[in-house]
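Data first, discussion second: the structure below is written as structure tokens.
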Amino acid sequence: MVESERLKFFRCKQPQLRVDKYKYLHESLINKDVDAARLGKRIIFPSTFTGGPRYAGYPSYFITLTYVCTVEFQKRGLLHAHILLFMSNEFKQQTSYDIDKHITAEIPDENERLNLHGAIQNFMGNDRITATLYNAGDPPEATQVVDEIRNCYYCRYISACEVVWRLFGYEIQEKEPFVIRLPFHLEDEQPVVYGETSNVNDIVKRAISHKFIFLGWMTANISYPYARNLTYAEFPTKFVWKDDSLKWFPRKKGFAIGRLTHVPTANTEEYYQRLLLNTQKGCMSLRDIRTVGGIIYATYRDACFALGLLQDDKEFIDTIKEASSWASGSYVRRLFVILLTSKNISRPEHVWDRCWHQLSDDILYRQRAVMNIRELTMLDDEIKQLCLMDIDKILHFYGKIFKDYPHMPLTTEVDSSLLTERVIKEELNFNRDDLKKNVSDMLAIATSEQRYTFDKIVTAVYCDEGGGDIVLNIASSGIASLLFPNGRTAHSKFKTLPNITEDSVCNIKPDSPQAILLLKAKLIFWDEAPMVSRYCYEALDKCLGDIMRCSPIYSKDLPFGGKVVVLGEDFRQIFSIILRGSRQDIVHSTVNSSYLWKFY
């Protein structure tokens with residue numbers, strides 16, 4: 001009952017719990033936007049739940065100096081422990097023959113070891129498992145729906161012994177040395193968890209008064225001079241963090257190992273900050289982390305280059321120059337975008353400075369053709385601007401913008417309002433006279449059922465049930481999206497996750513260009529609807545509910561926040577793909593099994 005109630009809490013609190021960075025909460029407070037429900041993202045099954053999928057992580061190797069003891073419970077209720085022993089060099093087993101002296105996985109020979117063979121036959125239990133080998137990168141595996149809370153609940157077996165052990169709070173595992181996870185963040189970007197009904201002013205005040213482990217490390221460097229000889233990762237070996245006082249104190253006994261939180265390279269500055277925290281010592285402020293040889297660098301990335309922690313991108317410069325000798329300028333620009341989006345380039349602006357001539361090779365020719373002026377001349381800055389604009393368009397096709405690469409030129413000139421205006425203009429870039437003619441021709445040959453459906457949709461749209469004046473054409477597959485004007489896949493437009501669950505949401509923040517586009521859209525047409533999981537539609541329902549909250553047509557009783565969403569395709573043609581799923585699993589994953597289906 002205790003564990004069931006904890007799981008129920010996480011399940012029921014999913015719509016109410018949110019997380020956002022302190023900087024964005026403070027900006028919202030300044031802008032007098034105090035509705036916490038419109039800010040941040042929803043969070044999911046936390047790592048604090050013992051036995052959950054994120055509890056203790058999934059390491060490939062665990063290296064320690066002494067021992068690790070983990071308590072487990074068999075289904076028979078018998079408590080047992082696994083202990084790993086690490087021997088000194090003179091006692092280590094060097095060959096397989098040495099290992100066989102102590103342990104063997106073979107059934108003893110009946111003739112050579114009769115007693116041991118008989119004991120195994122009579123007393124050894126036969127444990128059976130079902131093992132499946134698969135490639136982690138297999139595309140069908142990525143589409144498998146995983147409900148973390150449900151899997152944890154359905155697959156858990158808790159015996160009476162474990163119940164008593166857990167209720168009395170006995171230790172589940174012992175580690176020596178103890179490993180401490182060390183979080184870190186950029187300036188004013190510490191994560192803040194809050195309730196949906198909380199007031200932003202109260203959230204910001206609470207975040208200001210709360211000291212985090214990372215900021216406490218800098219404070220301890222000020223208070224203890226000998227602490228300045230330690231990096232952030234080495235700090236737990238000599239100091240201990242007290243949650244009750246929110247401070248680091250000198251360690252009186254024992255020691256621990258610090259491990260910095262993993263950050264992917266896509267997080268740019270946070271990734272470079274992590275590199276520096278493994279080398280910089282005695283930092284008393286965030287500025288000290290960026291200081292190398294007495295020079296304060298503007299970014300963490302520049303400081304990494306000063307310390308020689310990053311490559312010089314020479315191979316990418318050579319690749320672009322080589323490609324320009326046989327490929328067109330548009331091809332070279334697409335190549336540059338691919339290198340950008342793959343996160344392999346350390347300094348994109350440096351590659352741009354060295355290769356902008358090759359990237360803009362055909363810009364002047366194209367402008368002469370557009371303006372019909374054969375003798376047209378342009379300044380280098382003008383050519384650069386046009387080339388960067390073309391690269392920006394290609395980036396947008398990949399779901400990226402220049403804002404994702406803050407060191408690239410033109411970033412300071414492209415603010416959020418211009419990005420929003422560009423996104424909206426792209427959805428309105430049609431010849432309306434041609435569209436009217438196409439509609440007239442198609443209605444002339446439409447059947448009565450098709451005409452009824454068309455009139456029903458038009459009535460909903462022109463009754464202001466949808467919002468703006470934009471129609472978004474969405475398809476579940478990439479091939480189908482190419483058949484529509486400005487067609488996009490659902491994953492690209494709505495930022496849905498590949499491994500989606502019933503608690504997943506779209507990765508679209510309020511007030512972003514994508515959110516404003518969805519707010520202004522009058523109609524969303526989604527083709528191949530039965531092909532994706534129902535959780536995709538439920539994620540969009542939650543996302544539009546957040547975005548439409550401040551719209552005059554918002555209705556909490558209607559799906560998608562009151563937005564008109566049309567689903568297309570035939571259930572007799574396409575089904576959801578569930579890896580190794582039964583008929584019931586496939587039916588359960590379709591949209592007509594969702595709570596939204598009653599509105600259709």
Inset, instruction - Report yes if the side chains of Leu340 and Tyr398 come closer than 4.5 Å at any heavy-atom pair, otherwise no. - result: no

Inset, instruction - Can you see which heavy atom on Tyr405 is nearest to which on Thr341, and at what distance? - result: OH-CA, 3.6 Å

Inset, instruction - Nearest 0.5 Å please: distance from the CG atom of Leu335 over to the CD atom of Gln358. - result: 11.5 Å

Legend entry - Leu519 and its side chain to side chain contact (heavy atoms under 4.5 Å, CB included) partner, picked from Ile470, Ile547, Leu544: Ile547

Inset, instruction - Using the salt bridge (charged side-chain N to carboxylate O under 4.0 Å, His left out) rule, pick out the option among Glu270, Glu269, Glu349 that qualifies with Arg301. - result: Glu349

Inset, instruction - Taking the side chain as every heavy atom from C-beta outward, state whether Phe484 and Ile474 have any atom pair closer than 4.5 Å. - result: no

Legend entry - Test item: Thr496 and Tyr535 side chains (from C-beta on) under 4.5 Å apart, heavy atoms: no

Inset, instruction - Measure the CG-OG distance between Asp362 and Ser324 for me, rounded to the nearest 0.5 Å. - result: 11.5 Å

Legend entry - Residue pair Lys437, Asp441: steps toward the salt bridge (charged side-chain N to carboxylate O under 4.0 Å, His left out) verdict: CA-CA 6 Å; Lys437 184 177 183 304; Asp441 294 342; 3.1 Å; yes

Legend entry - Spacing of Tyr331 atom OH and Leu359 atom CG [to the nearest 0.5 Å]: 13.0 Å

Legend entry - Test item: Val337 and Phe397 side chains (from C-beta on) under 4.5 Å apart, heavy atoms: no

Inset, instruction - Considering non-hydrogen atoms only, spot the tightest contact between Cys506 and Phe494 and give its length. - result: CB-O, 3.0 Å

Legend entry - Donor-acceptor contact below 3.5 Å, side chain Lys522 vs main chain Val564: no

Legend entry - salt bridge (charged side-chain N to carboxylate O under 4.0 Å, His left out) evaluation trace for Arg451 with Asp455: CA-CA 6 Å; Arg451 184 58 189 253; Asp455 293 339; 3.2 Å; yes

Inset, instruction - Go through the side-chain N and O atoms of Arg274 and His262 and say whether any donor and acceptor fall under 3.5 Å apart. - result: no

Legend entry - Candidate pair Arg347 and Asp353, rule salt bridge (charged side-chain N to carboxylate O under 4.0 Å, His left out), full reasoning: CA-CA 10 Å; Arg347 292 189 295 174; Asp353 291 337; over 6 Å; no

Inset, instruction - Determine whether Leu518 and Leu472 make a side-chain contact, defined as any pair of heavy atoms from C-beta on separated by less than 4.5 Å. - result: yes

Legend entry - Spacing of Arg333 atom CZ and Leu395 atom CG [to the nearest 0.5 Å]: 12.5 Å

Inset, instruction - Report the distance from atom CD1 of Ile500 to atom CZ of Arg534, rounding to the nearest 0.5 Å. - result: 11.0 Å

Inset, instruction - Please tell me if the side chains of Met408 and Ile391 come closer than 4.5 Å, counting only heavy atoms from C-beta onward. - result: no

Inset, instruction - Check whether any side-chain heavy atom of Leu540 lies under 4.5 Å from a side-chain heavy atom of Trp526, and answer yes or no. - result: yes

Legend entry - Between OG on residue Ser594 and CD on residue Glu538, distance to nearest 0.5 Å: 3.5 Å

Legend entry - Minimum side-chain heavy-atom gap Val565-Leu596 below 4.5 Å: no

Inset, instruction - Taking Asn438 for its side chain and Asp434 for its backbone only, find out whether a donor-acceptor pair lies under 3.5 Å. - result: yes

Inset, instruction - Test ring-ring contact (aromatic ring centres under 6.0 Å, His included) on Trp356 and Phe336 and set out the steps. - result: CA-CA 10 Å; Trp356 75 268; Phe336 180 66; over 10 Å; no

Legend entry - More than 12 heavy atoms from other groups under 6.0 Å of OH on Tyr595: yes

